[in-house]
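What follows is a set of notes on a single structure, which appears directly below.
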Protein chains: 2
Amino acid sequence: MDNKNKSLSKNQKIVLDFIQKNKKPVKAYSILSNVQKKGINAPPQVYRALDKLIEKGKVHKVESQNSFVACKMANCDTPHATIFSICYECDNASEINDTKLFNYLSEFKDSSGSIFDGYNLEFFGTCNSCKKN
Amino acid sequence: MDNKNKSLSKNQKIVLDFIQKNKKPVKAYSILSNVQKKGINAPPQVYRALDKLIEKGKVHKVESQNSFVACKMANCDTPHATIFSICYECDNASEINDTKLFNYLSEFKDSSGSIFDGYNLEFFGTCNSCKKN
DNA sequence: GTAGTAGTGTTATAATATAACATAATTTTT
DNA sequence: AAAAATTATGTTATATTATAACACTACTAC
Ligand SMILES: [Zn+2]
Ligand SMILES: [Zn+2]
Ligand SMILES: [Zn+2]
Ligand SMILES: [Zn+2]
């Protein structure tokens, strides 16, 4: 069985549950302060849960923001091939599900003909909601 | 005149000079400890120089590594449209100069038809040098 | 039921980045 | 050339993000 389909531990469930409640990406220390009532007391407990959730494809890290967001694609096949659009007004991050772009990047070869194991793509702009205001 | 073509300040020159001496991306505090003999004493001086060098297209940040690397393309036209391949064995980061991919991403529209102002793409894999070993 | 693996709890600390304030240098405007 | 505006510098302190290390527990596989 794939690692990503294994069941979640207690702390992993608590952390994932909080992340899923938020539309926007959340910071690790925000997770910590919000789950302390559930018995998670210290940063390593959060970061360990995050590491596993990322491995399992349940959560992605938004690298340019050091924040974490739940996968909206009902389980990313490839946790290390992610595409986001990020609004620099409101910090919202939307996972982009575009098969053509996905394939384009998965098959991309560099000048030496090498293919890559994964990628992370972050687009920046103003989201539709912020454009209206 | 474009901001990126403006001349560099004293601290910006010192920081850029050190980054350019390194093939691999360097960390901010590594920059700091290496330029202290040049009179740069504290983190804000390094981070401020980095911010300006990034604006001017001389330096890019490798987001997944919190490190900084000199632009190899003799001045990136678009400092906020960068493509890297990163080796997870040796941490080397190479800027990819692929016009087709560049255009593909610049013109990419999301499901709502919106185009973006910029992007950052990081490919992950084993570099050719590490593959041989 | 023992061995191996994955998870937890805890303390301390490392690594990355910015706030805030005072001053100086440079550029632009008048 | 003087005043105003902008950009850069120097400095101290602190905020934010992330991991090391160690003791212990729970789960899984054979
Ligand atoms: Zn996903
Ligand atoms: Zn927005
Ligand atoms: Zn460049
Ligand atoms: Zn390598």
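So you know, we letter chains A, B, ... as the sequences are listed, proteins then strands, and number each from 1.
- Donor-acceptor pairing under 3.5 Å is recorded for the side chains of A:K56 and A:Q12.
- Whole-Å rounding puts the B:I40 CD1 to D:dG10 C1' distance at 11 Å.
- Using modelled atom types and a 3.5 Å distance limit, the side chains of A:N128 and B:S112 yield a donor-acceptor pair.
- Within a 6.0 Å radius of NZ in B:K131, more than 12 heavy atoms belonging to other residues, nucleotides or ligands are found.
- For the pair A:I31 CD1 and D:dA18 C1', the computed distance is 13 Å after rounding to whole Å.
- Whole-Å rounding puts the A:Q45 CD to D:dC24 P distance at 17 Å.
- Whole-Å rounding puts the A:L32 CG to C:dG9 C1' distance at 13 Å.
- Near DNA chain D, meaning a heavy atom under 4.0 Å away, the residues from residues 11-21 of chain B are B:N11, B:Q12.
- In the displayed structure, B:K38 atom NZ is contacted under 6.0 Å by at most 12 heavy atoms of other residues, nucleotides or ligands.
- When the C1' atom of D:dA26 is taken as reference, atom NZ of A:K10 falls 12 Å away, rounded to whole Å.
- A:S30 places no side-chain N or O within 3.5 Å of a backbone atom of A:V26 that could act as its donor or acceptor partner.
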Once base and sugar-phosphate atoms are separated, protein heavy atoms under 4.0 Å mark nucleotides 17-23 of chain C, 5' to 3', with B, S and - as BBBB---
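- Nearest heavy-atom pair, A:C71 versus A:E95, reported as atom, atom and distance to 0.1 Å: CA-OE1, 3.6 Å.
- Computed from coordinates, the A:L53 CG to C:dG7 C1' distance equals 13 Å when rounded to whole Å.
- The aromatic rings of A:F84 and A:H60 sit perpendicular to each other, their planes meeting at more than 60°, with 30° as the lower class boundary.
- B:L8 has its CG atom 14 Å from the P atom of C:dT26, to the nearest Å.
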